[in-house]
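Input: a single structure, listed below in structure tokens.
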Amino acid sequence: MVNFDFKNTTRIIFGKGAVENAGPVIKDYKGSKVLLHFGGGSIKKSGLYDRVKKSLASAGLEVVELGGVVPNPRLSLIKEGIKICREKNLDFILAVGGGSVIDSAKGIGVGAVYDGDVWDFYTDKASPKKTLPVATILTLPAAGSESSYSSVVTNEDGALKRPLDNDVIYPVFSILDPENTYSLPPYQTACGISDMLVHVIERYFTRELNVELTDRLCEATMKTIIANAPKVLAKPDDYDARAEIMWSGSVAHCNLLNTGRIGDWASHMIEHELSAVNDVAHGAGLAVLVPNWMKYNYKHDPQRFVQFAVRVFNIEENFHNPEETILNGIQALRNFFTSIGMPAALKEIGIGEEYFQKIAEKTKKFDPKKGTVGNFNPLTNNDIVEILRLSK
Ligand code: NZQ
Ligand code: ZN
């Protein structure tokens, strides 16, 4: 187990009716002038917008609205939000929506109190030291941004999608009411499930050897997601199954499952550039890539892949032929993604071979000197292109 220093500062307020707490809790955190940030209208259609406004009004908060966040959130709207926060002297940001809205709110939060260009934070030119407080009301269990220290943003100049990871940007609190997810279309539900499952897979495939507790926590989370996915797709208002999925999404990405181990994350970095090329839903891009990342890499630690197959997908172990067990496990993951309606090939999400080299070049590298990404088996541009070829 590697040394770690674990902290997650986001308070989670979970359950039916939790939205009514939004206004009073913001007041507890000394918020008075709130930027209400949201997406393209799903919250108005579901009625959540009205309930949030009511709660904010009941606490006597001043509210300025900024809607219009699109999936794969854009830097330009973040800059608009920063301007509004400064001009109107706002002191709190409430994001109501999925990962894109939350990530956009985090960008506004750090940008509003910074003298330079907020994009500096996404390109490692500067590191945020403070933020306006950001809280969230989650409507889409997926990205885990409601309790993560990350914000992922697309700069439309050059179509680059980049993460900012910093402890400063943990939301102060997040409200998770599973009923707010009933209105999700099946495809968005499935993309979210795919993303949260891959958040655990990225952490599971580590080169650390003695990580039994976190292996078991990861397996429990993956099995819970896999068991509840068909339930929420069959019955969108199944409260108990929605609750399991919603909490799994946060647990998957709050970094507890990362303690003492070093995750991989190459698939995420490659996928971000798929999304930047063609506005692919993040979870769909991951579903295409991850089984192929596994096929490309399993030889670097076959035993870990056998363990994944046996413990997560209950594959019967062939002791004479570990490779068979591994490939059956990878196929089981592919079958799971297919069963929830995820694509299996890049051509299904509009990404042809002509983009492969460019995607490889644009993928954020963990080791810029060596030009590699990922920790399990650091990948060069050539490796990335090979994985994209396996995925075409
Ligand atoms: O914009 P609205 O109208 O709200 O519609 C959204 C959007 O079109 C819709 N939606 C959300 N909740 C709904 C709903 N529709 C009906 N009912 C509801 N209850 O769903 C669509 C997709 O929303 P989006 O926020 O883009 O999806 P998601 O939550 O999957 O977030 C994806 C973004 O998060 C980033 C991804 O790269 C991507 O940009 N990630 C952020 C991470 C983080 N901050 O920690 C980590 C992740 O790995 C990921 O990279
Ligand atoms: Zn993700």
Side-chain angles (χ1 to χ4, degrees), residues 8 10 19 37-49 67-75 77-78 95-107 122 134 136-155 160-166 169-171 174 176-203 232 236-237 242 245-246 249-250 252-255 258 263-276 279-287 289-290 364:
N8 185 309
T10 303
V19 169
H37 199 36
F38 51 93
S42 72
I43 65 163
K44 289 196 172 162
K45 219 167 138 193
S46 68
L48 176 60
Y49 170 86
V69 180
V70 292
N72 304 315
R74 306 299 200 265
L75 182 62
L77 192 73
I78 291 179
V96 186
S100 295
V101 174
I102 298 171
D103 286 359
S104 181
K106 289 172 171 175
Y122 293 84
V134 173
T136 87
I137 298 179
L138 182 66
T139 62
L140 170 46
S145 187
E146 69 278 8
S147 64
S148 83
Y149 67 179
S150 305
S151 160
V152 190
V153 168
T154 298
N155 182 343
L160 282 180
K161 192 173 180 190
R162 288 285 180 267
L164 157 64
D165 297 325
N166 192 293
I169 64 172
Y170 278 113
S174 285
L176 275 59
D177 178 347
E179 290 186 324
N180 289 333
T181 68
Y182 290 176
S183 57
L184 279 166
Y187 186 71
Q188 283 305 339
T189 297
C191 286
I193 287 167
S194 164
D195 188 20
M196 67 178 74
L197 182 61
V198 174
H199 289 161
V200 189
I201 290 175
E202 296 272 23
R203 291 172 165 92
V232 295
D237 61 352
R242 285 285 192 189
I245 289 289
M246 198 166 206
S250 292
H253 206 41
C254 74
N255 263 347
N258 220 43
D264 183 62
W265 301 103
S267 301
H268 260 71
M269 295 306 121
I270 302 169
E271 196 296 318
H272 287 161
E273 300 316 317
L274 301 186
S275 295
D279 249 335
V280 171
H282 173 63
L286 290 170
L289 288 177
V290 168
K364 180 178 169 156

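Sequence positions, counted from 1, serve as the residue numbers for this chain. We count ligands from 1, going down the list as the structure has it; atoms in each ligand are counted the same way. Heavy atoms only: backbone and side chains are in, while hydrogens, waters and symmetry mates are out.
Atoms of ligand 1 lying under 4.0 Å from at least one heavy atom of P73, given by number and element, are 39 (O). Close contacts of ligand 1 with N72, meaning ligand atoms under 4.0 Å from a residue heavy atom, involve 38 (C), 39 (O). Listed by atom number, the atoms of ligand 1 under 4.0 Å from H199 heavy atoms are 47 (C), 48 (O).
When only modelled atom types and interatomic distance are considered, D103 and S145 share a side-chain donor-acceptor pair under 3.5 Å.
When the heavy-atom distances from atom 36 (C) of ligand 1 to M269, K161, H272, H253 are ranked, the shortest goes to K161. Looking at D279, T181, L286, N180, it is N180 that brings a heavy atom closest to atom 19 (N) of ligand 1. Considering each of L140, D195, L184, the one bringing a non-hydrogen atom nearest atom 13 (C) of ligand 1 is L184. In this comparison of A281, G99, S46, the heavy atom closest to atom 29 (O) of ligand 1 sits on G99.
A search for ring pair (Phe, Tyr, Trp, His ring centres under 6.0 Å) contacts involving H37 returns nothing, not counting sequence neighbours. With sequence neighbours excluded, the residues forming a side-chain contact (heavy atoms from CB on, under 4.5 Å) with I169 are K106, V110, S151, L164, listed by chain and number. Residues forming a ring pair (Phe, Tyr, Trp, His ring centres under 6.0 Å) with Y49 (at least two apart in sequence, or on another chain): F38.
When non-hydrogen atoms are compared, ligand 1 lies under 4.0 Å from the backbone of S150 as well as from its side chain. Heavy atoms of A143 found under 4.0 angstrom from ligand 1 belong to the backbone as well as the side chain.
Every heavy atom of K45 sits 4.0 Å or more from the atoms of ligand 1.
Screening the protein for N, O or S atoms under 2.8 Å from the Zn ion (ligand 2) yields 4; no waters enter the count.
Atom 6 (C) of ligand 1 lies below 4.0 Å from none of the non-hydrogen atoms of the protein.
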